[in-house]
Number of protein chains: 2
Amino acid sequence: MSGLRERKKEATRTALSWAAIRLTIEHGWNAVRVEDIAAAVGVSPRTYNNYFSSKAEAIAFRYLERSLRLAAELRHGPHGEPLWEAVTRAALRQLEPGPEVGHMPPRAPDEWAAGLRVMLAEPALEAEMLRASKIAEKELAAAIADRTGTDPGSDLYPRLVAASVMAANNVALELFVQGGTGEPIEVLLPRALRMVATGLPTA
Amino acid sequence: MSGLRERKKEATRTALSWAAIRLTIEHGWNAVRVEDIAAAVGVSPRTYNNYFSSKAEAIAFRYLERSLRLAAELRHGPHGEPLWEAVTRAALRQLEPGPEVGHMPPRAPDEWAAGLRVMLAEPALEAEMLRASKIAEKELAAAIADRTGTDPGSDLYPRLVAASVMAANNVALELFVQGGTGEPIEVLLPRALRMVATGLPTA
DNA sequence: AGGAAAGTTGCGTTCCACGAACTTTTGCGT
DNA sequence: ACGCAAAAGTTCGTGGAACGCAACTTTCCT
């Protein structure tokens, strides 16, 4: 693995994903054709569909990768660390910008955020993002089951933890992008995680 | 409201939803055309799209209604009841079969369950179900915010509770339909809810 | 270098989603 | 009871997404 061929494939995939996101934020979901995304990357429309099986999937892909990193971080961390500490660390880790910078203009962060909100309001997009969440949740449950010696096929525990972590993650992220509070995500996310970890008695 | 006209509309809507579900379970997602669903209800294909804006939406509709009932139950319950008791009651309530019996043959429950699993494996369906979950979650968060005097726009609490409740609900349901344990849903669901309510320390 | 494997492309098909204009049905006021 | 306005439903046409298939091109391996 990791041959030249496969790295080129990954490059094309992320390029398509970025192009889809950028074009959608700039011109709106309905105004962007698959043809446009393919053209922006210099590839045929047919090839686009070899990489992604729907227009929405390309956009959710970046989010999927991020979420999968959470599970991966959890697996690679030190094995002695208490579960919730490890989870929190992994969740914060996943927020750090990866090697993706450069695809995206750091220009006009306000416009970008606004465009993001508009984009995620699209039903098809929202649905696809949630599906990505779900896929990552499954990975996460497996990682947690490994750590705790439980079985995702028969125990509630690992699935519940995974679902709760993703829930906390998503809630914190939503609240952040909607700007309900001025608090940074680095504060919101650990707080949300601590809350689901320790319980949610009537406030 | 509740005029004859609107009740007829609701009847058509649920008929379409049931037809979509039945046909999909019987013949598979790809084998069913929108045309078939419309024909099964005696309506034009265009009318189908006046009720649902995608093929998947009709199938998720029943699940959406159920999930919305959860939030509604929570609102209508006694106001003095402790939050988590009220939530558990509402969650169990929502499982009881509504006035929908009759649309569906109680025949061959095994085939039905198997068909369900196959159906939900379809990416487009899974995504749409998750979107329905999300919509219900928003309602639930509003109901919880009302009860607890918090604000979904700025507080983590009501959103987290809503997300956790839906997570517990979904996890319990999944585990149940996958038959991982022989336990009935009436046992699984309250247990899952108690777990997220009281916290998830490493088991 | 040369053949096999993997990736890309063009083409054709099917079907979904929806706008616009028209017809039918339904509820309501007099 | 009648007739009319509004709502629901239908017909028609358009655009575009997704994908199977077969030809073609690039990359890899020895």
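Only heavy atoms go into these numbers, but all of them, side chains included; no hydrogens, no water, no symmetry mates. Just so it is clear: chains get the letters A, B, ... in the order the sequence lines come, proteins before strands, and each one is counted from 1.
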Between Arg131(A) and Glu128(A), does at least one N-O distance fall below 4.0 Å, as a salt bridge requires?
yes
For Tyr51(A) and dT8(C), is the shortest distance between a side-chain N/O and OP1 or OP2 below 4.0 Å?
yes
Any heavy-atom pair between the side chains of Tyr157(B) and Pro152(B) that's under 4.5 Å?
no
Can you find a pair of side-chain heavy atoms, one from Arg159(B) and one from Lys138(B), that are under 4.5 Å apart?
no
Could you tell me how far apart Lys55(B) (NZ) and dA17(C) (P) are, to the nearest whole angstrom?
8 Å
Thinking salt bridges, do Arg69(B) and Glu65(B) make one under a 4.0 Å N-O criterion?
no
Under a 4.0 Å N-O cut-off, is there an ion pair linking Lys134(A) with Glu126(B)?
no
For the backbone of Lys8(B) and the side chain of Thr12(B), can you confirm whether one donor and one acceptor N or O come within less than 3.5 Å of each other?
yes
Min and max contacting nt of DNA chain D in 5' to 3' order, chain A heavy atoms within under 4.0 angstrom, are dG16(D) to dC28(D)
Compute the angle between the rotation axes at the two ends of the helix from dA1(C)-dT30(D) to dT30(C)-dA1(D), each taken over five pairs, rounded to 10 degrees.
30°
Shortest non-hydrogen contact from Ser164(A) to Leu200(B)?
OG-CD1, 3.5 Å
Lys/Arg cation over aromatic Tyr48(B): Lys55(B), 6.0 Å, 45° cone
no
Provide, to the nearest angstrom, the distance between the CD atom belonging to Glu57(B) and the P atom belonging to dC16(C).
15 Å
Contacts of Pro45(A) and Lys9(A) projected onto DNA chain C by closest heavy atom; the upstream (5') one is Lys9(A)
So, Arg7(A) and Glu10(A), do they make that salt bridge, N to O below 4.0 Å?
no
Can you tell me how far P of dC11(C) sits from OH of Tyr48(A), to the nearest Å?
22 Å
Pairing donors with acceptors under 3.5 angstrom, does anything connect the side chains of Ser17(B) and Thr14(B)?
no
Hey, are the side chains of Val171(A) and Leu156(B) touching, using non-hydrogen atoms and a 4.5 Å cut-off?
yes
For every nucleotide of nucleotides 18-25 of chain C, 5' to 3': is a protein heavy atom under 4.0 Å from its base (B), only from its sugar-phosphate (S), or from neither (-)?
BBB----B
